[in-house]
There are 2 protein chains.
Amino acid sequence: MDTRTQLLDAAEELFAERGYNGTSIRAVTNLAGANLAAVGYHFGSKAELLAAVARRVIEPINNAQREGLDRLLGRTAEPTVAELVEAFTGPMFDGMPAGDERSVRRSRLLVTILGDPADEVRNWMGPVEDAVRDRYLEAFRRALPELPIEELWFRIKGVLAVTTVDRLEPQGDAARRWAVTFLAAALSAPPTAPD
Amino acid sequence: MDTRTQLLDAAEELFAERGYNGTSIRAVTNLAGANLAAVGYHFGSKAELLAAVARRVIEPINNAQREGLDRLLGRTAEPTVAELVEAFTGPMFDGMPAGDERSVRRSRLLVTILGDPADEVRNWMGPVEDAVRDRYLEAFRRALPELPIEELWFRIKGVLAVTTVDRLEPQGDAARRWAVTFLAAALSAPPTAPD
DNA sequence: GTCTATAAAAGGATAGAC
DNA sequence: GTCTATCCTTTTATAGAC
(Lines give C-alpha, C1' and ligand atoms only; values in the text may rest on other atoms or scores of the structure.)
Protein backbone atom coordinates (compact mmCIF):
# COMPACT_ATOMS: atom_id res chain seq x y z
CA MET A 1 0.00 0.00 0.00
CA ASP A 2 1.27 3.49 -0.69
CA THR A 3 2.77 5.52 2.09
CA ARG A 4 0.13 8.19 1.90
CA THR A 5 -2.64 5.71 2.66
CA GLN A 6 -0.69 4.07 5.45
CA LEU A 7 -0.20 7.45 7.04
CA LEU A 8 -3.93 8.11 6.82
CA ASP A 9 -4.72 4.76 8.41
CA ALA A 10 -2.24 5.24 11.21
CA ALA A 11 -3.40 8.79 11.87
CA GLU A 12 -7.02 7.70 11.88
CA GLU A 13 -6.30 5.16 14.58
CA LEU A 14 -4.21 7.46 16.75
CA PHE A 15 -6.42 10.54 16.46
CA ALA A 16 -9.37 8.32 17.35
CA GLU A 17 -7.75 7.02 20.50
CA ARG A 18 -5.71 9.93 21.77
CA GLY A 19 -7.20 13.01 20.15
CA TYR A 20 -5.40 15.55 18.02
CA ASN A 21 -3.16 17.11 20.64
CA GLY A 22 -2.41 13.73 22.14
CA THR A 23 -1.00 12.40 18.89
CA SER A 24 2.50 13.28 17.69
CA ILE A 25 3.69 13.14 14.12
CA ARG A 26 6.34 10.74 15.31
CA ALA A 27 3.73 8.35 16.67
CA VAL A 28 1.90 8.43 13.34
CA THR A 29 4.95 7.76 11.19
CA ASN A 30 6.15 5.02 13.52
CA LEU A 31 2.82 3.20 13.38
CA ALA A 32 2.71 3.65 9.62
CA GLY A 33 6.24 2.31 9.24
CA ALA A 34 7.17 5.52 7.46
CA ASN A 35 9.80 8.15 7.92
CA LEU A 36 9.31 11.14 10.18
CA ALA A 37 9.51 13.51 7.22
CA ALA A 38 6.76 11.69 5.33
CA VAL A 39 3.91 13.66 6.88
CA GLY A 40 5.50 16.92 5.80
CA TYR A 41 6.02 15.65 2.30
CA HIS A 42 2.58 14.13 1.75
CA PHE A 43 0.37 16.51 3.68
CA GLY A 44 2.37 19.62 4.52
CA SER A 45 1.61 19.72 8.22
CA LYS A 46 -0.04 17.88 11.08
CA ALA A 47 -3.18 20.03 10.79
CA GLU A 48 -3.53 19.17 7.12
CA LEU A 49 -3.07 15.50 7.93
CA LEU A 50 -6.00 15.77 10.30
CA ALA A 51 -8.11 17.46 7.64
CA ALA A 52 -7.39 14.64 5.23
CA VAL A 53 -8.27 12.00 7.81
CA ALA A 54 -11.48 13.75 8.79
CA ARG A 55 -12.50 14.28 5.19
CA ARG A 56 -12.07 10.61 4.40
CA VAL A 57 -14.34 9.54 7.24
CA ILE A 58 -16.93 12.26 7.26
CA GLU A 59 -17.57 13.00 3.60
CA PRO A 60 -19.17 9.64 2.77
CA ILE A 61 -21.43 9.97 5.79
CA ASN A 62 -22.43 13.48 4.83
CA ASN A 63 -23.14 12.49 1.26
CA ALA A 64 -25.27 9.56 2.37
CA GLN A 65 -27.23 11.82 4.70
CA ARG A 66 -27.88 14.32 1.93
CA GLU A 67 -28.86 11.67 -0.58
CA GLY A 68 -31.07 9.96 1.98
CA LEU A 69 -32.96 13.18 2.54
CA ASP A 70 -33.29 13.80 -1.20
CA ARG A 71 -34.65 10.30 -1.71
CA LEU A 72 -37.08 10.72 1.15
CA LEU A 73 -38.37 14.08 -0.05
CA GLY A 74 -38.69 12.73 -3.57
CA ARG A 75 -40.98 10.03 -2.27
CA THR A 76 -43.17 12.05 0.05
CA ALA A 77 -43.64 15.71 0.82
CA GLU A 78 -44.21 14.93 4.50
CA PRO A 79 -41.73 12.40 5.87
CA THR A 80 -42.34 11.11 9.37
CA VAL A 81 -40.01 11.80 12.26
CA ALA A 82 -38.89 8.18 12.27
CA GLU A 83 -38.05 8.32 8.56
CA LEU A 84 -36.02 11.47 9.03
CA VAL A 85 -34.18 9.99 11.98
CA GLU A 86 -33.39 6.88 10.00
CA ALA A 87 -32.06 8.89 7.04
CA PHE A 88 -29.93 11.07 9.30
CA THR A 89 -28.46 8.56 11.72
CA GLY A 90 -28.35 5.52 9.45
CA PRO A 91 -25.21 6.56 7.56
CA MET A 92 -23.32 7.01 10.80
CA PHE A 93 -23.80 3.31 11.47
CA ASP A 94 -23.47 2.02 7.92
CA GLY A 95 -20.41 0.20 6.68
CA MET A 96 -19.54 -0.44 10.29
CA PRO A 97 -20.38 -4.05 11.03
CA ALA A 98 -19.82 -4.80 14.71
CA GLY A 99 -16.70 -6.76 15.51
CA ASP A 100 -14.82 -5.31 12.54
CA GLU A 101 -11.77 -3.59 13.91
CA ARG A 102 -11.79 -0.87 11.30
CA SER A 103 -15.40 0.00 12.15
CA VAL A 104 -14.59 0.35 15.79
CA ARG A 105 -11.80 2.72 14.88
CA ARG A 106 -13.96 4.88 12.64
CA SER A 107 -16.74 5.01 15.13
CA ARG A 108 -14.33 6.09 17.81
CA LEU A 109 -12.81 8.65 15.46
CA LEU A 110 -16.21 10.21 14.98
CA VAL A 111 -16.66 10.43 18.74
CA THR A 112 -13.26 11.95 19.26
CA ILE A 113 -13.35 14.34 16.33
CA LEU A 114 -16.85 15.60 16.94
CA GLY A 115 -15.87 16.35 20.51
CA ASP A 116 -12.25 17.44 20.16
CA PRO A 117 -11.77 20.98 21.44
CA ALA A 118 -8.49 21.58 19.56
CA ASP A 119 -8.70 24.56 17.23
CA GLU A 120 -7.33 22.57 14.34
CA VAL A 121 -10.30 20.22 14.66
CA ARG A 122 -13.01 22.75 15.36
CA ASN A 123 -11.94 25.05 12.57
CA TRP A 124 -11.95 22.36 9.97
CA MET A 125 -15.48 21.17 10.58
CA GLY A 126 -18.49 23.37 10.31
CA PRO A 127 -19.37 24.64 6.85
CA VAL A 128 -19.60 21.19 5.26
CA GLU A 129 -21.63 19.64 8.01
CA ASP A 130 -23.79 22.64 8.69
CA ALA A 131 -25.37 22.65 5.26
CA VAL A 132 -26.73 19.14 5.68
CA ARG A 133 -27.73 19.72 9.26
CA ASP A 134 -29.71 22.80 8.34
CA ARG A 135 -31.67 20.92 5.72
CA TYR A 136 -32.60 18.28 8.29
CA LEU A 137 -33.49 20.95 10.80
CA GLU A 138 -35.93 22.41 8.31
CA ALA A 139 -37.42 19.00 7.56
CA PHE A 140 -37.85 18.24 11.25
CA ARG A 141 -39.44 21.63 11.76
CA ARG A 142 -42.08 20.74 9.23
CA ALA A 143 -42.65 17.31 10.75
CA LEU A 144 -43.00 18.84 14.22
CA PRO A 145 -44.86 22.10 13.64
CA GLU A 146 -46.08 22.40 17.21
CA LEU A 147 -42.55 22.33 18.68
CA PRO A 148 -40.95 25.71 19.42
CA ILE A 149 -37.84 26.22 17.35
CA GLU A 150 -35.59 26.61 20.41
CA GLU A 151 -36.63 23.26 21.82
CA LEU A 152 -36.30 21.64 18.40
CA TRP A 153 -32.79 22.96 18.17
CA PHE A 154 -32.00 21.49 21.58
CA ARG A 155 -33.35 18.12 20.42
CA ILE A 156 -31.25 18.20 17.26
CA LYS A 157 -28.16 18.74 19.38
CA GLY A 158 -29.32 15.79 21.46
CA VAL A 159 -29.51 13.68 18.31
CA LEU A 160 -25.97 14.58 17.38
CA ALA A 161 -24.79 13.69 20.86
CA VAL A 162 -26.45 10.29 20.74
CA THR A 163 -25.01 9.40 17.36
CA THR A 164 -21.56 9.64 18.89
CA VAL A 165 -22.37 7.09 21.57
CA ASP A 166 -19.78 4.38 21.74
CA ARG A 167 -21.18 1.37 19.94
CA LEU A 168 -18.42 -1.15 20.36
CA GLU A 169 -20.28 -4.20 21.48
CA PRO A 170 -23.72 -4.49 19.86
CA GLN A 171 -23.95 -7.29 17.37
CA GLY A 172 -25.40 -6.91 13.89
CA ASP A 173 -26.88 -3.49 13.35
CA ALA A 174 -28.70 -3.57 16.66
CA ALA A 175 -27.16 -0.26 17.69
CA ARG A 176 -28.50 1.38 14.58
CA ARG A 177 -32.05 0.24 15.22
CA TRP A 178 -31.82 1.07 18.92
CA ALA A 179 -30.65 4.56 18.06
CA VAL A 180 -33.57 5.10 15.71
CA THR A 181 -36.04 3.94 18.37
CA PHE A 182 -34.42 6.12 21.01
CA LEU A 183 -34.24 9.23 18.87
CA ALA A 184 -37.60 8.97 17.16
CA ALA A 185 -39.27 8.76 20.57
CA ALA A 186 -37.21 11.64 21.93
CA LEU A 187 -37.94 13.91 18.97
CA SER A 188 -41.63 13.05 18.94
CA ALA A 189 -42.19 13.96 22.56
CA PRO A 190 -44.77 16.71 23.11
CA PRO A 191 -43.27 20.17 23.67
CA THR A 192 -42.16 20.91 27.22
CA ALA A 193 -44.69 23.13 28.96
CA PRO A 194 -43.35 26.66 29.49
CA ASP A 195 -42.57 27.80 33.04
CA MET B 1 -8.04 34.51 47.07
CA ASP B 2 -5.34 31.96 47.75
CA THR B 3 -3.10 30.81 44.93
CA ARG B 4 -4.32 27.27 45.07
CA THR B 5 -7.89 28.28 44.33
CA GLN B 6 -6.86 30.66 41.57
CA LEU B 7 -4.96 27.84 39.94
CA LEU B 8 -8.02 25.62 40.13
CA ASP B 9 -10.21 28.32 38.59
CA ALA B 10 -7.78 29.00 35.78
CA ALA B 11 -7.26 25.31 35.06
CA GLU B 12 -11.00 24.70 35.05
CA GLU B 13 -11.47 27.34 32.39
CA LEU B 14 -8.59 26.21 30.20
CA PHE B 15 -9.21 22.46 30.45
CA ALA B 16 -12.83 23.18 29.57
CA GLU B 17 -11.95 25.09 26.43
CA ARG B 18 -8.85 23.36 25.15
CA GLY B 19 -8.84 19.93 26.71
CA TYR B 20 -6.09 18.42 28.84
CA ASN B 21 -3.39 18.05 26.22
CA GLY B 22 -4.21 21.42 24.73
CA THR B 23 -3.55 23.20 28.01
CA SER B 24 -0.03 23.95 29.24
CA ILE B 25 0.97 24.59 32.81
CA ARG B 26 2.27 27.94 31.64
CA ALA B 27 -1.15 28.93 30.31
CA VAL B 28 -2.69 28.00 33.65
CA THR B 29 -0.21 29.90 35.81
CA ASN B 30 -0.37 32.93 33.53
CA LEU B 31 -4.14 33.09 33.68
CA ALA B 32 -4.01 32.59 37.45
CA GLY B 33 -1.43 35.33 37.86
CA ALA B 34 0.84 32.83 39.57
CA ASN B 35 4.36 31.63 39.07
CA LEU B 36 5.18 28.76 36.75
CA ALA B 37 6.41 26.67 39.66
CA ALA B 38 3.17 27.09 41.57
CA VAL B 39 1.45 24.09 40.01
CA GLY B 40 4.30 21.83 41.02
CA TYR B 41 4.25 23.16 44.55
CA HIS B 42 0.50 23.02 45.13
CA PHE B 43 -0.46 19.93 43.17
CA GLY B 44 2.68 18.02 42.27
CA SER B 45 2.03 17.64 38.58
CA LYS B 46 -0.27 18.61 35.75
CA ALA B 47 -2.14 15.30 36.00
CA GLU B 48 -2.82 15.87 39.69
CA LEU B 49 -4.02 19.38 38.92
CA LEU B 50 -6.54 17.88 36.54
CA ALA B 51 -7.68 15.39 39.17
CA ALA B 52 -8.26 18.22 41.63
CA VAL B 53 -10.23 20.24 39.07
CA ALA B 54 -12.34 17.27 38.04
CA ARG B 55 -13.04 16.31 41.63
CA ARG B 56 -14.24 19.78 42.48
CA VAL B 57 -16.74 19.78 39.61
CA ILE B 58 -17.90 16.20 39.56
CA GLU B 59 -18.17 15.24 43.22
CA PRO B 60 -21.06 17.58 44.04
CA ILE B 61 -22.95 16.34 41.01
CA ASN B 62 -22.36 12.73 41.94
CA ASN B 63 -23.45 13.32 45.51
CA ALA B 64 -26.62 15.07 44.39
CA GLN B 65 -27.42 12.20 42.05
CA ARG B 66 -26.96 9.65 44.80
CA GLU B 67 -28.99 11.64 47.31
CA GLY B 68 -31.70 12.26 44.74
CA LEU B 69 -32.06 8.55 44.16
CA ASP B 70 -32.11 7.84 47.90
CA ARG B 71 -34.82 10.44 48.40
CA LEU B 72 -36.84 9.06 45.53
CA LEU B 73 -36.61 5.46 46.71
CA GLY B 74 -37.47 6.56 50.24
CA ARG B 75 -40.70 8.04 48.94
CA THR B 76 -41.81 5.29 46.62
CA ALA B 77 -40.69 1.80 45.82
CA GLU B 78 -41.50 2.28 42.14
CA PRO B 79 -40.31 5.60 40.79
CA THR B 80 -41.41 6.54 37.28
CA VAL B 81 -38.98 6.89 34.42
CA ALA B 82 -39.49 10.65 34.41
CA GLU B 83 -38.69 10.85 38.12
CA LEU B 84 -35.51 8.85 37.65
CA VAL B 85 -34.45 10.98 34.71
CA GLU B 86 -35.05 14.13 36.71
CA ALA B 87 -33.02 12.82 39.66
CA PHE B 88 -30.15 11.77 37.43
CA THR B 89 -29.88 14.68 35.02
CA GLY B 90 -31.09 17.47 37.28
CA PRO B 91 -27.81 17.83 39.20
CA MET B 92 -25.89 18.26 35.97
CA PHE B 93 -27.91 21.41 35.31
CA ASP B 94 -28.20 22.68 38.88
CA GLY B 95 -26.25 25.61 40.16
CA MET B 96 -25.72 26.59 36.57
CA PRO B 97 -28.05 29.48 35.83
CA ALA B 98 -27.80 30.42 32.16
CA GLY B 99 -25.86 33.57 31.42
CA ASP B 100 -23.60 33.05 34.44
CA GLU B 101 -20.08 32.81 33.11
CA ARG B 102 -18.96 30.32 35.68
CA SER B 103 -21.83 28.00 34.78
CA VAL B 104 -20.92 28.06 31.14
CA ARG B 105 -17.39 27.12 32.08
CA ARG B 106 -18.43 24.21 34.28
CA SER B 107 -20.87 22.91 31.75
CA ARG B 108 -18.22 23.00 29.08
CA LEU B 109 -15.75 21.34 31.42
CA LEU B 110 -18.15 18.45 31.87
CA VAL B 111 -18.44 18.10 28.11
CA THR B 112 -14.72 18.20 27.60
CA ILE B 113 -13.78 15.99 30.51
CA LEU B 114 -16.38 13.33 29.87
CA GLY B 115 -15.15 13.11 26.29
CA ASP B 116 -11.43 13.71 26.67
CA PRO B 117 -9.43 10.76 25.36
CA ALA B 118 -6.23 11.64 27.26
CA ASP B 119 -5.11 8.85 29.57
CA GLU B 120 -4.75 11.22 32.48
CA VAL B 121 -8.45 12.02 32.16
CA ARG B 122 -9.80 8.57 31.42
CA ASN B 123 -7.83 6.91 34.20
CA TRP B 124 -9.05 9.30 36.80
CA MET B 125 -12.74 8.80 36.21
CA GLY B 126 -14.55 5.53 36.50
CA PRO B 127 -14.87 3.95 39.93
CA VAL B 128 -16.57 6.94 41.54
CA GLU B 129 -19.03 7.51 38.75
CA ASP B 130 -19.72 3.89 38.06
CA ALA B 131 -21.16 3.17 41.47
CA VAL B 132 -23.88 5.78 41.07
CA ARG B 133 -24.53 4.87 37.47
CA ASP B 134 -25.03 1.22 38.35
CA ARG B 135 -27.60 2.10 40.97
CA TYR B 136 -29.55 4.10 38.41
CA LEU B 137 -29.23 1.32 35.89
CA GLU B 138 -30.84 -1.03 38.36
CA ALA B 139 -33.63 1.42 39.13
CA PHE B 140 -34.33 1.96 35.42
CA ARG B 141 -34.33 -1.77 34.91
CA ARG B 142 -37.12 -2.10 37.43
CA ALA B 143 -39.07 0.78 35.91
CA LEU B 144 -38.74 -0.74 32.43
CA PRO B 145 -39.04 -4.48 33.02
CA GLU B 146 -40.00 -5.27 29.43
CA LEU B 147 -36.83 -3.71 27.98
CA PRO B 148 -33.95 -6.11 27.25
CA ILE B 149 -30.91 -5.27 29.34
CA GLU B 150 -28.71 -4.66 26.29
CA GLU B 151 -31.03 -2.05 24.87
CA LEU B 152 -31.45 -0.47 28.28
CA TRP B 153 -27.70 -0.18 28.53
CA PHE B 154 -27.60 1.50 25.14
CA ARG B 155 -30.23 3.97 26.29
CA ILE B 156 -28.31 4.78 29.45
CA LYS B 157 -25.28 5.61 27.34
CA GLY B 158 -27.57 7.79 25.25
CA VAL B 159 -28.65 9.61 28.40
CA LEU B 160 -25.05 10.28 29.34
CA ALA B 161 -24.35 11.59 25.86
CA VAL B 162 -27.28 13.98 25.97
CA THR B 163 -26.34 15.40 29.35
CA THR B 164 -23.11 16.62 27.80
CA VAL B 165 -24.91 18.63 25.14
CA ASP B 166 -23.72 22.19 25.05
CA ARG B 167 -26.27 24.28 26.84
CA LEU B 168 -24.87 27.75 26.48
CA GLU B 169 -27.82 29.74 25.31
CA PRO B 170 -31.07 28.54 26.89
CA GLN B 171 -32.45 30.99 29.39
CA GLY B 172 -33.66 30.01 32.84
CA ASP B 173 -33.56 26.30 33.37
CA ALA B 174 -35.20 25.58 30.03
CA ALA B 175 -32.41 23.23 29.03
CA ARG B 176 -32.95 21.18 32.15
CA ARG B 177 -36.64 20.72 31.47
CA TRP B 178 -36.05 20.08 27.78
CA ALA B 179 -33.53 17.40 28.64
CA VAL B 180 -35.96 15.67 30.97
CA THR B 181 -38.69 15.69 28.31
CA PHE B 182 -36.28 14.42 25.68
CA LEU B 183 -34.81 11.65 27.82
CA ALA B 184 -37.98 10.48 29.52
CA ALA B 185 -39.57 9.97 26.09
CA ALA B 186 -36.48 8.23 24.74
CA LEU B 187 -36.19 5.87 27.70
CA SER B 188 -39.90 5.09 27.73
CA ALA B 189 -40.01 4.04 24.08
CA PRO B 190 -41.19 0.47 23.53
CA PRO B 191 -38.36 -2.04 22.99
CA THR B 192 -37.01 -2.25 19.45
CA ALA B 193 -38.37 -5.32 17.69
CA PRO B 194 -35.68 -7.95 17.18
CA ASP B 195 -34.46 -8.68 13.64
C1' DG C 1 5.09 30.08 49.65
C1' DT C 2 7.05 32.31 45.83
C1' DC C 3 10.59 33.25 42.71
C1' DT C 4 14.58 32.50 39.10
C1' DA C 5 17.02 29.46 36.46
C1' DT C 6 17.70 25.49 34.16
C1' DA C 7 17.52 20.76 33.19
C1' DA C 8 15.67 17.26 30.15
C1' DA C 9 12.58 15.80 26.93
C1' DA C 10 9.24 16.03 23.18
C1' DG C 11 7.34 18.05 19.40
C1' DG C 12 6.74 20.35 14.56
C1' DA C 13 9.04 21.43 10.69
C1' DT C 14 12.50 21.46 6.90
C1' DA C 15 17.06 21.47 4.31
C1' DG C 16 19.63 18.72 1.53
C1' DA C 17 21.68 14.12 0.26
C1' DC C 18 20.29 10.09 -2.07
C1' DG D 1 9.66 9.70 -2.74
C1' DT D 2 12.44 8.67 1.05
C1' DC D 3 16.01 9.31 4.34
C1' DT D 4 19.24 11.61 7.85
C1' DA D 5 20.32 15.32 10.48
C1' DT D 6 19.25 19.27 12.68
C1' DC D 7 16.90 23.59 14.11
C1' DC D 8 13.84 25.81 16.95
C1' DT D 9 10.10 26.04 20.03
C1' DT D 10 7.32 24.44 23.67
C1' DT D 11 6.67 21.76 27.57
C1' DT D 12 6.99 19.45 32.23
C1' DA D 13 9.43 19.32 36.17
C1' DT D 14 12.66 20.64 39.85
C1' DA D 15 16.72 22.61 42.38
C1' DG D 16 17.89 26.20 45.13
C1' DA D 17 17.78 31.33 46.44
C1' DC D 18 14.82 34.45 48.86
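Just the heavy atoms: all of them, side chains too, but no hydrogens, waters or symmetry mates, feed the values below.
Legend: residues meeting side chain to side chain contact (heavy atoms under 4.5 Å, CB included) with Val81(B), ordered by chain and number and at least two apart, are Val85(B), Phe140(B), Ala143(B), Leu144(B), Leu187(B), Ser188(B).
Within the 3.5 Å criterion, the main-chain N or O of Thr80(A) finds a donor-acceptor partner in the side chain of Glu83(A).
Among residues at least two apart or in separate chains, side chain to side chain donor-acceptor pair (under 3.5 Å) pairs with a member in residues 65-77 of chain B are Asn63(B)-Arg66(B), Asp70(B)-Arg135(B). Every pair tested for side chain to side chain donor-acceptor pair (under 3.5 Å) that includes a residue from residues 25-40 of chain A fails, sequence neighbours excluded, so the list is empty. Here ring-ring contact (aromatic ring centres under 6.0 Å, His included) pairs that include residues 13-72 of chain B, with residues two or more places apart or in two chains, are Phe15(B)-Tyr20(B).
When the C1' atom of dG12(C) is taken as reference, atom CD of Glu48(A) falls 13 Å away, rounded to whole Å. Between Met1(A) atom CE and dG1(D) atom C1' there is a gap of 17 Å when expressed in whole angstrom units.
For the pair Arg18(B) and Asp116(A), the salt-bridge criterion is not met [side-chain N within less than 4.0 Å of a carboxylate O].
Taken residue by residue, residues 7-17 of chain B places no heavy atom nearer than 4.0 Å to DNA chain D.
Nearest heavy-atom pair, Ala82(A) versus Val180(A), reported as atom, atom and distance to 0.1 Å: O-CG1, 4.4 Å.
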> Where along nucleotides 2-18 of chain D does protein come under 4.0 Å, by heavy atom, of base (B) or sugar-phosphate alone (S), with - for untouched nucleotides?
Replying inline: BBB------BBBB----
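Side-chain contact, Ser45(A) with Glu48(A): a donor N or O sits under 3.5 Å from an acceptor N or O.
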